[in-house]
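So you know, we letter chains A, B, ... as the sequences are listed, proteins then strands, and number each from 1.
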Amino acid sequence: MGLSPYVPKPVKIVRIKEETPDTKTITIGPKPFDFIPGQFAMVTVYGVGEAPFSICSTPSDNNLQFSIRKMGSVTTAIHEASPGDEIGVRGPYGRGWPLGEMRKRDILLVGGGIGFAPLRPLLLHLLENSNKYGRIAVCYGARSPSLLMYRDEFGEWMERGVELYLTVDVGEGDWKGNVGVVTTILDKPNLNKAETIVCTCGPPVMIKFVLKKLVELGYSEENIYASLESKMRCGIGKCGHCHFGGKHVCVDGPVFRYDEIMELPRGISPF
Amino acid sequence: MRMFSITEESLKVFLRELSLKHVLIAPFERDGYFEFDVLKNPDVINLNYTNTRLSPKRFFLPQRQLVFKHYPRKGFTEEPKEYSSFVLFGIRPCDASALSVLDNILLSPPYKDASYENRRKNAIVISLSCTKPMAECFCNVFETGPIRGMGEDLTFTPTRSGFIVEARTPRGVSVIEEFGKLFRKADGEMLEEYSRLISKVLDEMNRRLKVDKTRLIRIEKEAGEEFFQLNAQRCIECSLCSFACPLCYCFETEDCLEKDSYVRFRGWDTCISPLFTRMASGLDPRVTKADRLCHRFCHKLSRIPLAFNAYGCVGCGRCVSLCPAGIDIREVLKKWG
Amino acid sequence: MVAWKPKIIAFTCWCSSSGVDQAGFEGFKYPANVLTVRVPCSAIVNPSIVVKALEEGADAVLLTACKPVELRKIAPSRITEARVSLLRRLLKTVGVEEERVRILWISSNEGGVFANEVSRIVEETERLGPLNLRGRMLEQP
Amino acid sequence: MRRVTVLLCTCGSTLLEKIDFNKVSKELYKNPLVKKIEIVDGLCKANTVKSLSLDANERIIAAACSSRLLEAVLKNLSNAKVIEFVNIREQCAWVCDDKEDASSKTIRLLNGSINRAVRSNPPQYSDGLKIVREAMVIGGGIAGVRCALDIANAGYRVYLIEKEPSIGGIMAQLDKTFPTLDCSICIEGPLLSEAGRNKNITIIPNSEVVGVKGRVGDFRVLVKVNPTYVDPEKCNGCGECANVCPVYQPNKYDVDLKPVKAIYCPFAQAVPLKYVINKEYCIECGLCMSVCTRAAINLEDKPKMLELNVGAIVVAVGSDLFDPRLKPEYHYGEYDNVITNMEFERIICASGPTGGVLLRKDGKPAKRVAFIQCVGSRESGPGIGECSYYCCAASMKEARLILEHDKDAKVFIFYNELRAFGKGWEDLLYRRCLEDGIVFIRSRPSEIKRSPNGNLIVVYEDTLTGKRSELEVDMVVLALGFKPSENLAKLAATLGVSVDDQGFIEEAHSKAKPLETRVRGIYVAGTCHGPRDIVESAVEGSAAAALVISLFRSGNVKLPETAVVLESKCTGCGRCMPVCQYDAIVRDGEKVRVLESLCNGCGACISSCPQEAIVLGDWGIEQLALQISGMLGD
Amino acid sequence: MSSPEIELRKLARNLLERKVVDLVIGYEDSEAGVRPCFIKEPGEVEKLVWNPDCRLSLVRYLRGFKEKKVGIVAKGCDGRAIVELIKENQLDRKNIFIIAVECNGVYKPVKYGSSKTRRQMAEYCEKCEVRVSPIKDYLIKSDEKALEEKIPKGDVEDLDWLSLFRKCLRCMACVRSCPFCYCTECSIEGFKPALVHRLVDPVELFTFHLIRAIHMAGRCVECGACESSCPVEIPLTRLYHELNEWFRENYGYVPGLNLEQAPPPLVFKEGEKP
Ligand SMILES: Cc1cc2nc3c(=O)[nH]c(=O)nc-3n(C[C@H](O)[C@H](O)[C@H](O)COP(=O)(O)OP(=O)(O)OC[C@H]3O[C@@H](n4cnc5c(N)ncnc54)[C@H](O)[C@@H]3O)c2cc1C
Ligand SMILES: Cc1cc2nc3c(=O)[nH]c(=O)nc-3n(C[C@H](O)[C@H](O)[C@H](O)COP(=O)(O)OP(=O)(O)OC[C@H]3O[C@@H](n4cnc5c(N)ncnc54)[C@H](O)[C@@H]3O)c2cc1C
Ligand code: SF4
Ligand code: SF4
Ligand code: SF4
Ligand code: SF4
Ligand code: SF4
Ligand code: SF4
């Protein structure tokens, strides 16, 4: 047969970088497919299992990157891997960020913890094509400074014009920045609120309060997008695990617009 | 003309020849109940059976099947081979319809479930109409029976003088052609009897339960907590309902290690299990049993319709009869239909 | 054609595994189809694992333990003994020969005893023939 | 991803002709879990292991000789995360005649171990557990004092818990000690005062242990200090108070033979040398308070609770003597001149009630004295079934003391078997006794009768001659057997240690671990784990001290892998509890818990839990079942 | 309506009205057959029924109401299960009001796809010797009408267990309906792939059933809940009965007869012959 959509392609791990104490960014290459920022792929650790991960490298990169937080069996196995090991990937799956809508508009990215993974390809893509888009602001929060991902890239982002606001729930060490949940810095970016496209991803509670706050602050509902998470087995709408209220998170998402999120049933919707 | 007829005698011949040419799967009685299995000897086929306890979905979606085998030393991934062709004779219209619903789900673009497609392609499905539906049956609600189903190639309906045979697909027609001498064109009288039978049995069932399925979409919004909580209290989370259902298609995967390879299997999962949606972080969009039970019904009656344009229940009545706790999908239909 | 040889799993407790090594030291010979799994104490072996071993293709399972000495409240090998007895009853009920699960008392110096007993058990298992649960469970009716 | 390195050892090429190493490594390499395979010619050699340059995260399979031999060597040489041993020499090469057979067995065993090693977790010895380098010794007899001194002299603090007002134990009450007949208190006294002076030793008299929490290295011991009504900090032992005290009481030290005041100091060499009040007799007249210049007396004194944090505990609480009233045929307590050997020790002692003269109750000197041995030992009956060890020698000693005091006295010893052995005993004790004309009669007298003149008649049957006779004497001394002291069972339960069927404290192993109990970090010394004499008690005191010191010096405590109950899974069904032979599993609310310090890691519990809510190292279902499936697969 | 049923309803109303219990777990009738019901209001008691179709043991539901005072309709076997569960620290006697109903046996279910339609008494009821719960707060006697149809005792040796196991779907209905299967992570559900994989491998059905049998040995009260829930009608109680016999022979223990006798651990004591 050879055409089963469930069979991953074997690829080699090129590099592994420790991002935070519980997150590693793995680079695999060469990349087996093109994708749109916000899409995800199914990553297989042979003999252990398969799990969905957001692609976190920019589409123009020749390799693929995933930032993976150690949570369970598959993620632990990836954390135990070393460069040269073989893993399987298939994808890209799902609906990415609405690049078309973003043209010429200001863009606000709001991330929480590991939730910045699907935002990073978007940010990098925006920066690479900055002439096509308006101003870019990023609000990013984590539980503690050491859990902020991609810290070594912050400087470069800012140099390239990103308004970057950081916050942590609990300060530690020489942290001089803001302390508090991410909603406390949402009013800082200086953007054209009514026109700005907002993209957010993070834990469900965060998304809930961010969405509320954004609307309060005057961002318009049809411009707000969030990337949701749910358990998945196939990534292509067949296994039934992420089927909520007529929508499949893997096919119709993971990126949903504000009104779609409000339509989703209790539980999967953060509301 | 797609309507044919066959005498009982010829049917026996038909089945015998069929079993010589193809792998034949048909209903028979074993240890006090009816089941489907590969039959070498078609004489044991029981044409008066009610329905099989378990649905024939396992011939298309096995309880466990190989997805791939990866040989790391050789650097290649092996997939299951083509499945051999088989004839599924005598399945009830509801179960045949379930296949057409599964087609909608598993073969919807852009991705097709390759192994299902392959099995489906290789199967000739011949249904046997119900003239005496069981007490649990309610296929009338979804128009998936009792006389004609939706997913079969041929429909056999018993009448006083042999069987009326309706070819439902080109493949069905080619089967008739293959065994041409055994079939006759159905005459007018038979056709009349056929249509009479259809309305008679349907009327009978409608008298038992009549529901407007298009209204079921309401359940998505109005799913009263109480109804589900009440039933959840009794549900023992055994997942029997999902396993018995001809339509429950959700699958789970499992990776294993073999001597020289890594393998992945897939197989039946059930949304009744608390593990179904629980994520690694411990978060679970459906924490309570009531949530899960509600999803089971919503999924069948409104969510599959929304996503795949077909109903996720064909009214076979298995879950009603087998549920140890007496949970009854018909109550949902009555409440929201 | 290669003649069928039974596969036997022997769970050997710390002490009796010394005995097994002793058999080698002292030059005893016994059939190669006895595969040992060293465990700290025979009582650590969950009866489920014995069942699993049979399913996985073992034709017999052997538990070797120190002779029960009532030094304390319970001699752990008596736990094993009881479990083996229960298991044998269970196997008998479901139609598997109970001789396929046994317990043997082997002390750390009893290499010879081990070699002899094991050779005898291999012979007896050969007489019973293959268990082949795998095949029997997959068989079509 | 977890993978393993397989080291195949040819044992100096000797295994090459027995096992087909090429075939083995070819077959094994098919297993995806194998990272690399190395064939070496001597895993037991340091050079070989070094040349392999294995990194610390490696999971290694050592396929070589018996793990009995290799385990210690290899664990020292390599710091691999996980090492699995497969004995291909004694279990494959040497027991198979056929090379083919040996090779395929090797492959099967190895495939099993590979599966196991991949699922194993690095051993979780509780390394670096906190050790409080302070010890507690319970009981201040010779064993306890010796032990405390040895630990203290090694530089560690010791809390010496003594139930009586003074340390000293039985030995302080004895007159002379066998075999040399030197003065008992002259030997023990200096030790006691040394203990009193040693700044590393805190003696806590009048106290008892009422609770213990924690584990080896970190026990929290609750000590109850009973009131003495005299502040030991203030009392300087002048004794003015006793002078004015109007009430007398029998003194326990003198076996109730010589009365003392209600406020008293137990004996002259007592440590600490402080006065105490016995509230049972005190009439609270307050006279003592009025004379005490240091205002040390407080009649309102209350018990105090102390919580002490120690790393090790030595139990040296000694034992009690048999109660002779339980043998009515000897009429102890009824006939005046039937006394116990303990009473004898006090009477014969120069500082004792009679100034060392052996007098009867009626004031007459005792000229003919009989000793009856084994009272309360070596028979089924109220006493212990075993030999009490000290009494043959003690009676011979005491017999000689009589003759030392009075050349004309006549001494008879009714014995069952003379069990007196040891350095110098043959000469100094037994031969001298014979020379002195002490009469040994092999018999367990059936009765003591009283003759009208107040003399005693011992009725007996000589088991050597079979003759039944009677012997008239002035005094009978009963050689009492030891018995576990009354509160020993309670103390044992508090500490979590077990007692044997006699009721003495049970050793972890009577030969291999004679001074350890089943609780790691709790040791025993002296008669509390069975009868012994002074020498052995003192030896054990020192030996227990060595164990404590070696624990303190070891840097950290290595607990064996212990069972751990996973709280989230345990349903509290209790099926694991009765199979634990160490009673290490206890209820904890709805669930159960394993007491780390009691668990010996036998694993009986993990296999009785239906859902494996208890884990123990790598001995779970997963590792074992996968090991088997690795072995059995085709 | 039978007289026990009237008595049952009266009692339930009384218990609920006087707030002796917070709810009563009993049986109700429905289109889908007799099924468990949970009565919280006195007004609902008329739902309660008692007849030989009341076969699913209600005891397994008790663990869902640990903090509540619950009245439960209990047959003899159900009462034994409660006894055993109290010994296993799973239930608190104080919180359970046992409405013991004298039981004459229950019908074997006639299920979908069954070719037999004759109503028969369940086999495990034939063996049953304890028709009334050993512990109770109220006893409802049976009325005169006894069961007419009885079937002869089956012989365990007659069964080909391996082929019965082969039929098993591993749907877990047996486990879920059993009063004793309260483990938080069932060994045979696939949490431990080393024993039984998450996805059903027919080969592992042997292991599945043997492990369950081992776990039930000496505890199973032969209530038949497992057997009657099983869609493929595997006579599981017969298997567990055999192991109970082993326990009776070796330890003289029969589960659930009284609260005093502690369940024996799986250990041989000195002198006991295996
Ligand atoms: C669209 C999408 C994008 C994601 N992107 C990232 C990312 O960039 N970085 C990252 O660290 N994590 C991401 N996650 C979460 C990640 O998939 C889970 O952490 C991961 O599945 C945990 O798997 P495990 O096998 O380690 O855990 P286990 O607890 O062993 O999980 C068992 C199985 O359950 C399923 N499962 C468990 N949790 C989840 C989950 N949260 N989502 C989906 N399936 C789950 C998996 O299939 C897994 O095999 C994403 C999830 C989704 C749905
Ligand atoms: C009459 C007699 C004559 C003997 N003659 C000899 C002899 O000549 N030579 C010889 O070698 N042996 C002799 N022995 C034996 C010798 O006395 C003992 O072997 C030795 O004294 C035992 O010492 P110990 O430290 O173990 O116990 P002990 O001396 O009994 O000391 C135990 C100490 O612990 C204290 N204690 C008890 N319980 C507690 C508690 N719960 N908490 C705190 N403290 C507690 C006691 O008060 C006591 O101070 C004789 C014994 C007797 C009875
Ligand atoms: S069959 Fe019934 S009890 Fe079992 S899971 Fe389904 S609804 Fe619940
Ligand atoms: S839900 Fe129930 S009635 Fe509907 S198809 Fe499935 S088993 Fe049949
Ligand atoms: S057997 Fe297991 S579940 Fe039961 S009390 Fe012990 S640890 Fe808990
Ligand atoms: S491992 Fe052994 S000693 Fe430890 S708790 Fe379990 S049964 Fe007791
Ligand atoms: S109920 Fe029956 S089919 Fe389901 S798991 Fe149990 S034995 Fe198997
Ligand atoms: S195993 Fe079956 S018969 Fe036994 S108690 Fe459980 S449900 Fe009842």
* **Portion of E:Arg60 that has a non-hydrogen atom of chain B nearer than 4.5 angstrom** => side chain

* Asked: Which answer fits E:Cys37, side chain, backbone, both or neither, if we ask what part of it has an atom under 4.5 Å from a heavy atom of chain B?
  -> both

* Under 3.5 Å: donor-acceptor pair, side chain of E:Tyr112, backbone of B:Asn51 -> no

* Does any heavy atom of chain E fall under 4.5 Å from the side chain of B:Phe243, the backbone, both, or neither of them? -> side chain

* Got a second to check how far E:Ser115's OG is from B:Asn48's CG, nearest 0.5 Å? -> 12.0 Å

* Structure fact -> Checked B:Gly267, B:Ala135, B:Pro27 vs chain E; the most non-hydrogen pairs under 4.5 Å come from B:Gly267

* To do: Tell me, for B:Cys323 versus chain E, whether the close heavy atoms (under 4.5 Å) come from the side chain, the backbone, both or neither.
  => neither

* Asked: Counting distance only, does the side-chain N/O of B:Ser239 pair as donor-acceptor with the main-chain N or O of E:Cys171 below 3.5 Å?
  -> yes

* **Any E:Asp201 side-chain heavy atom under 4.5 Å of B:Phe265 side chain** => no

* Asked: For chain B, which of E:Arg55, E:His197, E:Met172 has the most heavy-atom pairs under 4.5 Å?
  -> E:His197

* **Proximity breakdown for B:Arg58 and chain E, heavy-atom pairs closer than 4.5 Å** => neither

* Which bit of B:Thr50 comes within less than 4.5 Å of chain E, counting heavy atoms only: side chain, backbone, both or neither? -> side chain

* When heavy-atom pairs shorter than 4.5 Å are enumerated against chain E, which of B:Glu29, B:Gln63, B:Met134 gives the highest number? -> B:Gln63

* Identify which part of E:Val232 has an atom lying under 4.5 Å from any heavy atom of chain B, answering side chain, backbone, both or neither. => both

* Taking NZ, NE, NH1 and NH2 as the nitrogens, is one of them in B:Arg208 or E:Glu31 under 4.0 Å from a carboxylate oxygen of the other? -> no

* To do: Quick one: pull up CZ in E:Phe38 and CG in B:Leu230 and give me the separation to the nearest 0.5 Å.
  => 8.5 Å

* Structure fact -> From the list B:Gln233, B:Glu331, B:Glu35, the residue making the most non-hydrogen contacts under 4.5 Å with chain E is B:Gln233

* Asked: chain E heavy atoms under 4.5 Å from B:Thr270: which part of the residue, side chain, backbone, both or neither?
  -> neither

* To do: Please name the pair of heavy atoms, one in E:Lys111 and one in B:Leu322, separated by the smallest distance, quoted to 0.1 Å.
  => CD-CD2, 3.6 Å

* Minimum heavy-atom separation for E:Ala173 to B:Leu240, with atom names? -> CB-CD2, 3.9 Å

* Asked: Taking the side chain as C-beta and beyond, is there a heavy-atom pair between E:Arg198 and B:Leu275 under 4.5 Å?
  -> yes

* Is there side-chain contact between E:Leu199 and B:Trp268, with heavy atoms separated by less than 4.5 Å? -> no

* To do: Evaluate the side-chain contact (heavy atoms from CB on, under 4.5 Å) criterion for residues E:Arg170 and B:Arg64: first the C-alpha distance (whole Å), next the side-chain angles of each, then the deciding distance (0.1 Å), finally the verdict.
  => CA-CA 12 Å; E:Arg170 244 186 74 193; B:Arg64 172 179 136 120; over 6 Å; no

* Starting at CZ of B:Arg234, measure out to OG of E:Ser30 and round the result to the nearest 0.5 Å. => 7.0 Å

* Is chain E contacted by the side chain of B:Asp269, its backbone, both, or neither, given a heavy-atom distance below 4.5 Å? -> side chain

* **Contact class of E:Leu56 relative to chain B, heavy atoms under 4.5 angstrom** => side chain

* Structure fact -> So CG of B:Asn231 and CZ of E:Arg35: to nearest 0.5 Å the spacing works out to 6.0 Å

* Asked: Does anything in residues 63-76 of chain E get under 4.5 Å of chain B by heavy atoms, and if so which residues?
  -> E:Phe65

* Where is the tightest heavy-atom contact between E:Ser114 and B:Gly32, given as atom of each residue plus distance? -> OG-O, 3.4 Å

* To the nearest 0.5 Å, what is the distance between CD (E:Glu233) and CZ (B:Arg53)? -> 4.5 Å

* To do: Counting only heavy atoms closer than 4.5 Å, note whether E:Tyr27 contacts chain B via side chain, backbone, both or neither.
  => neither

